[in-house]
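Here the structure comes first, spelled out in C-alpha cells, and everything after it is commentary.
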2 protein chains.
Amino acid sequence: MRGLELLWGLGERPNRGRRPAFTLEQIVRTAVEIADAQGLATVSMRRIAERLGCTTMSLYRYVPGKAELLDLMTDAVMGEVPLADAAPGDWRTRLELSARADWGLYQRHPWILRLPAGRPALGPHGFAWYESVLRVLTATGLPPAALVHVFDLVDAYVRGAARDALDAAAVERHSGLTDEQWWAARAHFWDAVFVPARYPVVASLRAAGALHHPRDRGFEFGLRLVLDSIETFVRNQPNARDETSGRYETLCPQCGNPVSRPASTGRPRTFCSDACRQRAYRARRARPA
Amino acid sequence: MRGLELLWGLGERPNRGRRPAFTLEQIVRTAVEIADAQGLATVSMRRIAERLGCTTMSLYRYVPGKAELLDLMTDAVMGEVPLADAAPGDWRTRLELSARADWGLYQRHPWILRLPAGRPALGPHGFAWYESVLRVLTATGLPPAALVHVFDLVDAYVRGAARDALDAAAVERHSGLTDEQWWAARAHFWDAVFVPARYPVVASLRAAGALHHPRDRGFEFGLRLVLDSIETFVRNQPNARDETSGRYETLCPQCGNPVSRPASTGRPRTFCSDACRQRAYRARRARPA
DNA sequence: AGCGTATGCGTACAGCATAAACAATGAAAT
DNA sequence: ATTTCATTGTTTATGCTGTACGCATACGCT
C-alpha cells in the first residue's frame with residue numbers, strides 16, 4: 001500500500017522535523033544507474049548508499065524495502081518511452097513504433113525483464129504507457145476482449161524476444177566470447193557428444209551460419225509477422241462479433257466509452273459522440289506531430 | 001566446462017574411494033521439487049541438503065556450484081516435453097502442439113522463465129527439443145535463416161506469454177486476492193489518482209470486464225495469430241529466395257543437408273536424396289503414431 | 001527555550017554461496 | 001593383511017545480502 005503512494009508521489013512532505021538529505025528520485029536514479037551498468041544482481045542497498053554517500057539504513061527512511069524500490073525503478077524508466085498515441089499514422093504504424101520503442105527500452109535497461117511484471121507496472125508512467133497503447137488499438141475497431149488479446153500478444157512477443165536476445169548477449173558478455181568463438185572453444189566436446197547424425201538439422205543450420213544473426217534482425221522479422229497477423233485478423237472481422245465476449249461494441253478512441261453501432265446503416269462509427277469526434281480533431285490540430 | 005560434462009552425463013564413476021551417498025539425479029530432482037512447490041527463490045543449497053539429510057557442502061561434491069545445478073534442473077524438466085516431430089500431422093499442427101507443450105511445461109515449472117535462457121539449454125534434452133522443433137519446421141520449405149527466425153518467433157511468443165500469465169498469477173497468489181478483489185481493495189486509492197478522464201480506455205475496458213480472462217484464452221488467441229502469420233509467410237514464398245541470407249536452399253527433413261533445387265523442373269524437392277526419402281518413409285511406417 | 005518529530009547512523013542478526021582444511025571411507029596395491 | 005590413496009562427507013570460516021532495532025541529531029513550531 002505504501003508502495004503505491006510512493007509510486008504516485010502522494011507523500012505530503014511534513015513541515016515539521018529535520019529536512020531529508022536526499023530525494024526519492026535521487027535514490028531511484030542511482031539504483032537505475034547501477035542496474036544499467038553492472039546488472040540487477042549487483043544492486044544492493046549497501047551499494048546504493050555507498051554511492052550516495054550515506055549509510056545503508058538511511059535509505060529505509062525513503063523506501064519501505066527493496067521490492068518497492070524495484071517498482072519505483074521500473075516506473076521511472078517507463079517514463080523514457082514515448083507514448084504510442086503521440087505519433088502520427090494509422091494504428092499499425094503506431095503500434096509498430098510502440099513495439100520498437102519498448103524493444104529499445106529493454107535494450108537500455110535489460111534488468112526490467114528480470115523483474116516480475118504484475119499488473120502493468122502500477123505506476124503513473126506504466127499506466128500512461130498502457131493507456132496510450134490501448135488507445136491506439138481502439139482504432140482497429142475491435143471489441144474489448146479481442147483488443148486486450150491483441151495487446152497481450154504484442155507485449156508477450158516483444159518481451160519474449162527482448163529477453164531471448166538479451167540472454168544470448170549476456171552469455172556472450174559473461175564468457176567473453178562471441179557465439180562463434182564459444183562453439184569453437186567447445187568444438188572438441190561437441191565432437192564427442194554432438195554427433196551430427198543425431199542432430200542433423202541443427203548441425204546443418206549451424207554449418208549454414210543461420211544460427212547467428214544481428215540481434216534485431218530476428219526481432220524485426222517476428223514483429224512484421226505479428227503485425228501482419230493482427231492486420232488480417234482485424235480485416236477479417238470489421239467490427240464484427242467478438243467471439244470471446246459476445247459483444248458487438250467498439251471503443252471510442254477519445255473517451256474510451258463503447259460505441260454503439262447504428263442498426264440502420266451497417267457502417268461502423270468511430271467515435272461515441274460528435275463531441276468526441278470534434279475533441280479528437282482539435283487535439284490533432286493542436287499537436288500536429 | 002565441468003557443467004557440460006555433468007549435463008551430458010560423461011562422468012565415469014571412479015572405482016577407487018568412498019561410495020557416493022546420493023546420485024546427481026536425486027539432487028536435481030529434489031531441487032526441482034522445491035522450486036515447483038515454493039518457487040525458485042527458496043531453492044538454496046542448505047534447503048536441498050536438509051531435505052536430502054546431509055550437510056550443505058556435501059552437494060558441492062556433485063555439482064561445481066549453484067549455477068550448474070540450475071542448468072541441470074532446466075535440462076531435467078526439458079525431458080518432460082514430448083518431442084515435436086513425434087506427433088503426426090503437417091508442420092503447422094505439429095508446431096502448434098509443440099508450442100502448447102511448452103506452455104504446459106512453463107505452467108508446471110514456472111521457475112524456468114526466471115532463469116536466463118542462453119543457448120538452448122545446452123543439455124541433451126534441451127538439444128533434442130531444439131532439433132525436433134527445427135526438424136518440424138523444415139517441412140515449411142523455408143531457407144535456413146528464415147527457418148531460424150520462425151523458430152525464434154514462436155519461442156519468443158510462447159515464453160513471453162507464459163511469463164506474463166505466470167507473473168499475473170503470482171501477484172494473485174502473493175496478495176491472496178484475485179485480480180478482481182485486488183482492484184476492489186484499492187478502489188478508494190484509484191479514485192484519488194486514477195481519474196477515468198485521464199485513462200478513459202483502460203477504465204472502459206475494465207468496466208467491460210475485458211481485462212480479466214482465463215489465462216490460456218489469451219495464449220490461444222495469440223498462438224493462432226502467430227501461426228497464421230507464419231503460414232501466410234510460408235505460402236507467399238514457396239521455397240523462394242531468402243531475403244536475409246540470399247540463399248535458395250532448403251533443408252532435408254531427414255538428414256538436414258541442404259536440398260538443391262533442380263533447375264530444370266521448378267518443382268521443389270523435399271528430400272536431398274532418394275535414400276533420405278525412403279528412410280523417412282520407413283521411419284514413419286515403424287512409428288505410425 | 002523547549003517540545004515533538006523525522007531523519008541519519010551503528011549495531012546486530014539471519015540467511016546466502018562457497019573456499020579451505022580435515023575426517024571418514026573403501027577399493028586397489030603391496 | 002596391511003598399507004596406500006583417491007574420493008566422499010563434514011567442519012569451520014569469509015564475505016556477501018536485506019533489514020529490524022535503538023539511539024543521537026537536527027529542524028520547525030509553539
Side-chain angles (χ1 to χ4, degrees), chain A residues 1-3 5-6 9-28 30-31 34-35 38-73 111 114-116 174, chain B residues 1-3 5-6 9-28 30-31 34-35 38-73 111 114-116 174:
Chain A
M1 222 54 152
R2 170 87 189 285
E5 286 154 14
L6 282 177
L10 289 181
E12 68 286 1
R13 157 107 186 88
N15 46 8
R16 295 271 280 263
R18 184 169 170 173
R19 289 245 193 79
F22 314 104
T23 65
L24 220 176
E25 198 217 340
Q26 254 180 326
I27 296 175
V28 174
T30 41
I34 296 175
Q38 265 98 18
L40 187 62
T42 72
V43 175
S44 73
M45 301 302 263
R46 278 177 164 74
R47 212 184 306 271
I48 298 171
E50 180 177 314
R51 187 176 286 209
L52 279 171
C54 68
T55 62
T56 310
M57 292 313 293
S58 301
L59 301 178
Y60 286 89
R61 294 288 171 185
Y62 298 84
V63 170
K66 198 186 182 183
E68 286 80 3
L69 180 57
L70 292 175
D71 286 345
L72 287 168
M73 291 168 63
W111 45 268
R114 291 271 140 76
L115 259 39
H174 180 70
Chain B
M1 221 59 151
R2 170 88 189 285
E5 286 155 13
L6 283 177
L10 288 181
E12 69 284 3
R13 157 111 187 84
N15 46 9
R16 291 272 281 264
R18 186 167 169 174
R19 292 245 192 76
F22 315 103
T23 65
L24 218 177
E25 198 217 340
Q26 254 181 325
I27 296 175
V28 173
T30 45
I34 296 175
Q38 265 99 17
L40 186 63
T42 72
V43 175
S44 74
M45 301 302 263
R46 274 172 163 69
R47 212 183 307 271
I48 299 171
E50 181 177 312
R51 188 177 286 209
L52 280 170
C54 66
T55 61
T56 309
M57 292 310 293
S58 303
L59 302 177
Y60 285 88
R61 293 288 169 186
Y62 299 83
V63 170
K66 198 186 180 183
E68 287 79 3
L69 179 58
L70 293 174
D71 286 346
L72 287 167
M73 290 168 64
W111 44 270
R114 291 272 138 76
L115 258 40
H174 180 70

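We use all heavy atoms of the structure for the numbers below, so side chains are in, but hydrogens, waters and symmetry mates are not. Letters A, B, ... mirror the listed sequences (proteins, then strands); counts begin at 1.
dA17(C) atom P lies 11 Å from atom CG of L40(B), rounded to whole Å. Atom CG in L70(A) sits roughly 14 Å away from atom C1' in dT17(D) (whole-Å rounding). One can place OH of Y60(A) at 16 Å from P of dG10(C), the figure rounded to the nearest angstrom. Across the protein-nucleic acid pair, L59(A) atom CG and dA6(C) atom C1' stand 16 Å apart, rounded to whole Å.
Looking only at side-chain heavy atoms (C-beta outward), L115(B) and D71(B) stay at 4.5 Å or farther from each other. Considering only heavy atoms from C-beta on, V28(A) stays 4.5 Å or farther from V63(A) through its side chain. Inter-residue side-chain proximity for L69(B) and M45(B) is flagged as met; some heavy-atom pair is nearer than 4.5 Å.
For the pair Y62(A) and dG8(C), the criterion of a side-chain N or O lying under 4.0 Å from OP1 or OP2 is met. Contact check, S44(B) against dC16(C): a side-chain N or O comes under 4.0 Å of OP1 or OP2. Between R47(A) and dC16(D) there is no side-chain N or O to OP1 or OP2 distance below 4.0 Å.
Of the candidate nucleotides dT18(C), dT10(D), dG9(D), dT10(D) has the atom nearest to the side chain of C54(B).
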Dump the pairs, protein N or O against N or O of nucleotides 20-26 of chain C, anything under 3.5 Å, distances to one decimal.
residue: dA24(C); atom: N3; partner: R18(B); partner atom: NH1; Å: 3.4

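With sequence neighbours excluded, the residues satisfying side chain to side chain contact (heavy atoms under 4.5 Å, CB included) with L52(A) are F22(A), I27(A), T30(A), I48(A), C54(A), L59(A).
For V43(A) and F22(B), each mapped to the nucleotide of DNA chain D holding its nearest heavy atom, the one lying further toward the 5' end belongs to F22(B).
Heavy atoms of T55(A) sit under 4.0 angstrom from at least one base atom.
The base of dG18(D) is paired with the side chain of R46(A) by a donor and an acceptor separated by under 3.5 Å.
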